[in-house]
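Because the structure is predicted, anything quoted here is derived from the model rather than measured. Along the sequence shown, the residues carry numbers beginning at 1.
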Amino acid sequence: MTPLRSLASSAGMLAAFALPVAAQVAPSPVYQVPSVATQGITWSACTDQDADPAIHTLLGDRLRCGTVSAPRDHHRPADGSIRLRVLRVAAADAAKRQGTLFVNPGGPGGDPRQFAAMLAAIWMHAKPDDRVHGEKKRMADAFDLVAVVPRGMPGSAPLTCAGEFPDARSILLDRTPRNIARWDLLQRRLADACRADPLHPYISTEQTVYDLDLVRRALGESTFNYLGTSYGTWLGAWYGATYPDKVGRMLLDSSMDYTSSMEENFLLTAQAEQERFDRLVVKPAVAASALYGLGEDQAAVRGVLATMPYRVQRTWTGEYRSPESLKAALAMSEWLRVQPELDRDSMATRIATDVLHPDAEVNQRIRAEASRMLAALYTPAADDTPSPLPAMSAMLVAVPCNDTPGTRDAGIWHETIARYARDYPAARSGDLVNACVFWPGPNAVKPPVERLARAGQILIIASEHDTVTPVSGALRMVNALPNASLLVLRGSDRHSVFTLTDEACVERTGARFLLDGRKPTEQLTECQVDGASAPAPTSATPQVTRFTDTARVQQWRDRLDRLFGQKPRLYPSPRSTSH
């Protein structure tokens, strides 16, 4: 592994992140934490809503579910209570048990119950002698996995956001006055719908952190160990800053930047998506401008996007992965421009028969890209936003608006959108849906970062090209936290990494950290994707099966992949972004 200075430089961030990163931490200011009496958990059998029946059968008596009473507002416990759902998977070997590992898959609004159950099922099937995943079997033996369904979600106290929501097209793709007005109306209606539920002021990361500590105490655990992904890293960091003396080890996978606001985190996504388009499409197209004919400089290739009809732009945004992708989108655009009613079968015929490029190999790659996106092109966009909002969408309104300050002026927000439309034409609009413009302001107090610097040991894992939680945020985190180390998987664009790769540097490092507290020797380190960080296999290398039931484990890993890939829809455009 090499120092991350090269990564900071290649990402254009060296000036922003001076090395060495470990700085002296100032004393933490006084931060008041409410004191609520410990509550007992009422345990019972789990239901199909708690865990997949097949995994339930597999885990047997190790899997238990329960409910616990929590204050609606931890700062005013006498004002009423709510019920929280808890799932626990007991350690597989009581004699080897080390403690409890709390888990959260992100969102806000991800359900941690399925996450915990699938992790337990995958880890228990790891082969102990496997050099990549062997420690996962030790983790299955060592830890109870605990999932607390966040307040606002079904299973605990659900937030209901019901109203009449107008249809709005992507604000980055459709800049007409009509769509801008509908965008404003949509954001206002989203805010009004969620604020109509009396529970809305208490749907925040702050209150959820208090819930987690309530469950920790109910379980009799003196230490809070944690595995969080995406928004789950924000939740974990907030816990660490609230209860630094309770934290043991925290693995933050695909980390948000706790040193910034929610709004600032969300706005990083558009920049990262544009960087991805420039890296995968613009640079190779300019380097072979005569071959592709897309333009001789960055501005020309980027400008091609604006020449396509909205329908094609909406379908392809976020899906470009090569100059051939852009050529395929252009071909589809031209066919639809000439024949707007062209049906799917006719489009498929044109893809298969038309000559899309004089070079045979390039022509075949363009065909493959067009075929890949054919179904999405003919999937109709929804006419309106569903009411009530799906749980994750409701949480995406309430949690960011309650957590941290942000833009509260619609005019200023539209200036931001206009700048993003100009600078990031390949970005998606999901994180520009900002109901917080019409929200009265945050209803939480975020603990200072300085307190997080005292919170046990933290390992952050990030993908170099993750567009949902860009690595720039992880760099800022480790720059502020002398108790944190950062491992970056170079060449990867995955969002969520641990347990879902076969990269030894990631899987062994993460597992050994949680098990034994071992971290990389450097505060900032990197390894290369595709096994380049591991010794090259030889003919004498024994072939080791990584899991005892490879087919089922792969199914569970695929389901986790889909879980992390779920994108809540706050407006009728596909693939809106979540954290």
Side-chain angles (χ1 to χ4, degrees), residues 13 16-17 21-23 25-26 28-29 31 33 102-108 110 150 204-210 212-213 224-269 272 395-396 399-406 431 436 442-463 466 468-488 495-497 523-524 578-579:
M13 294 179 286
F17 302 103
V21 298
V25 177
S28 298
Y31 177 76
V33 177
F102 286 78
V103 300
N104 185 281
S204 66
T205 302
E206 177 187 52
Q207 296 285 345
T208 300
V209 159
Y210 299 149
L212 287 175
D213 197 66
F224 184 83
N225 298 305
Y226 184 74
L227 166 61
T229 296
S230 198
Y231 163 76
T233 67
W234 177 269
L235 176 63
W238 196 304
Y239 182 99
T242 305
Y243 301 103
D245 58 328
K246 300 302 181 185
V247 174
R249 298 165 193 148
M250 278 191 176
L251 175 56
L252 305 182
D253 180 357
S254 305
S255 185
M256 292 179 66
D257 175 18
Y258 184 76
T259 71
S260 301
S261 69
M262 272 279 201
E263 182 178 295
E264 290 166 332
N265 271 274
F266 289 160
L267 288 177
L268 285 175
T269 296
M395 294 286 281
L396 267 173
V399 173
C401 296
N402 279 331
D403 271 12
T404 55
D431 289 318
C436 305
N443 199 42
V445 177
K446 183 183 171 192
V449 175
E450 291 80 7
R451 291 175 61 91
L452 182 58
R454 298 191 284 107
Q457 291 298 309
I458 300 171
L459 175 63
I460 302 170
I461 297 177
S463 289
D466 182 1
V468 180
T469 51
V471 69
S472 57
L475 282 164
R476 273 191 287 269
M477 282 278 283
V478 77
N479 198 42
L481 300 173
N483 57 330
S485 296
L486 171 61
L487 172 62
V488 174
H495 176 61
S496 74
V497 181
Q523 190 177 23
L524 298 173
S578 64
H579 284 72

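Leu481 and Gln523 get closest at one heavy-atom pair: O-NE2, 3.0 Å. Residues Gly110 and Pro150 approach most closely at O-CD, 4.2 Å, considering heavy atoms. In terms of heavy-atom proximity, Ser463 sits nearest to Val471 at O-CB, 3.9 Å. Annotation for Pro105 and Ser230: closest pair O-CB, 4.5 Å, computed over non-hydrogen atoms. Of all non-hydrogen atoms in Val449 and Ala480, the two that sit nearest each other are CG1-CB, 4.2 Å. Here the shortest heavy-atom pairing between Ile460 and Val478 reads CD1-N, 4.5 Å.
A distance of 8.0 Å separates CZ of Arg451 from CG of Asp245, quoted to the nearest 0.5 Å. Rounding to the nearest 0.5 Å places CG of Leu267 at 7.5 Å from CG of Asp431. Note that CG of Asp253 and CG of Leu227 are 7.0 Å apart. Values are rounded to the nearest 0.5 Å. To the nearest 0.5 Å, the span separating CG on Asn402 from CD on Glu206 amounts to 9.5 Å.
Residues passing the side-chain hydrogen bond (donor to acceptor under 3.5 Å, both in side chains) test with Asp213 are Arg216, Arg217, Tyr239, sequence neighbours excluded. Partners of Ser260 under the side-chain hydrogen bond (donor to acceptor under 3.5 Å, both in side chains) rule, at least two apart in sequence or in another chain, are Asp257. Under the rule for a salt bridge (Lys or Arg N to Asp or Glu O under 4.0 Å), Asp466 has no partner lying at least two apart in sequence or in another chain.
When only modelled atom types and interatomic distance are considered, Thr242 and Tyr210 share no side-chain donor-acceptor pair under 3.5 Å.
Using a 4.5 Å heavy-atom cutoff, the side chains of Leu475 and Asn479 are not in contact. Counting heavy atoms from C-beta outward, Pro447 and Leu452 have side chains that stay 4.5 Å or more apart. Using a 4.5 Å heavy-atom cutoff, the side chains of Met262 and Tyr231 are in contact. Inter-residue side-chain proximity for Val33 and Tyr243 is flagged as met; some heavy-atom pair is nearer than 4.5 Å. Ser204 is not listed as a side-chain neighbour of Val399, based on a closest heavy-atom distance of 4.5 Å or more. At a threshold of 4.5 Å between non-hydrogen side-chain atoms, the residues Ser485 and Leu459 count as touching. Between Leu268 and Arg476, some side-chain heavy-atom pair lies under the 4.5 Å cut-off. Counting heavy atoms from C-beta on, the side chains of Leu486 and Met477 never come closer than 4.5 Å.
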Exercise for review: Report the C-alpha separation of Thr233 and Ser254 in whole Å, then their side-chain angles, then the decisive distance to 0.1 Å, and conclude whether the side chain to side chain contact (heavy atoms under 4.5 Å, CB included) test is met.
Suggested key: CA-CA 8 Å; Thr233 67; Ser254 305; 5.8 Å; no

Exercise for review: Test side chain to side chain contact (heavy atoms under 4.5 Å, CB included) on Tyr226 and Leu235 and set out the steps.
Suggested key: CA-CA 10 Å; Tyr226 184 74; Leu235 176 63; 3.8 Å; yes

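The residue from Asn265, Asp403, Thr469, Asn104 that alone fulfils the side-chain hydrogen bond (donor to acceptor under 3.5 Å, both in side chains) condition with Trp234 is Asp403.
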